[in-house]
Amino acid sequence: MLTTAQVRDHIHGLPDIDSLLAVQEAATTRLLQLDTARKPVITPGRTCRITDSIRPAVLRGLSGLSGLSGTVQQPNRTGTRFDILLDQESTTQLRNRQSPLNPRFKIADGIRHYRLAGPRRMHRPHRHTG
């Protein structure tokens, strides 16, 4: 059995993002096994697939996001929305689905993993009348 220090050294020596994502996914799976009582549905490090039920509804069908997959990243401050680091295949798919009519996702050719930022709630000041 490796010590924690040996595991950390191994992680620091990983050569690329794919290797690090594999370790992150394995660690998350193990955390979920150890924490069966709380078992969160979404947590950083888990793999995910975007479906047509994505919320907020404004993202449904947007630039063909449905079917893309990746690894859940950090949540926003309230823990209600998460960034997703798309896997290589999904990054390529999203790049190929880009349209001049919808330039929301600009992914350069050399990018292998695209971070799809979770929607951020915009603060709009309330107007008081009367």
- For I17, the other hydrophobic cluster members (4.5 Å side-chain criterion, sorted by chain and number) are L21, L85
- Query: Is the shortest heavy-atom distance from the side chain of D83 to the side chain of L116 under 4.5 Å?
  - Reply: no
- Task: Would you check if the side chain of T91 reaches a backbone N or O of D87 as a donor-acceptor pair within less than 3.5 Å?
- Result: yes
- Item | R46 side chain reached by T71 side chain, heavy atoms, under 4.5 Å | no
- Mind checking whether R115 and Q73 have side chains closer than 4.5 Å, heavy atoms only? yes
- Query: Between T28 and P44, what is the shortest heavy-atom contact and its length?
  - Reply: OG1-O, 3.0 Å
- Hey, are the side chains of Q88 and Q93 touching, using non-hydrogen atoms and a 4.5 Å cut-off? no
- Note on the structure: Using a 4.5 Å side-chain heavy-atom cut-off and chaining through intermediate ILVMFWY residues, the residues clustered with L2 come out as V7, I11, L14, L20, V23
- Item | Nearest-0.5 Å distance that lies between atom OG in S90 and atom OH in Y114 | 13.0 Å
- How close do Q24 and V72 get, heavy atom to heavy atom, and via which atoms? NE2-O, 4.5 Å
- Using the side-chain contact (heavy atoms from CB on, under 4.5 Å) rule, take L86 and H113 through it: C-alpha gap first, then chi angles, then the decisive distance, then the call. CA-CA 5 Å; L86 295 178; H113 298 275; over 6 Å; no
- Task: Enter the distance from L68:CG to R49:CZ here, rounded to the nearest 0.5 Å.
- Result: 8.5 Å
- Item | Presence of salt bridge, D18 and R112, under 4.0 angstrom | yes
- Task: Give a yes or no on whether the backbone of P15 and the side-chain of S19 come within a donor-acceptor separation of less than 3.5 Å.
- Result: no
- Item | Residue pairs fulfilling side-chain hydrogen bond (donor to acceptor under 3.5 Å, both in side chains) with at least one residue in residues 1-10, sequence neighbours excluded | T3-Q6
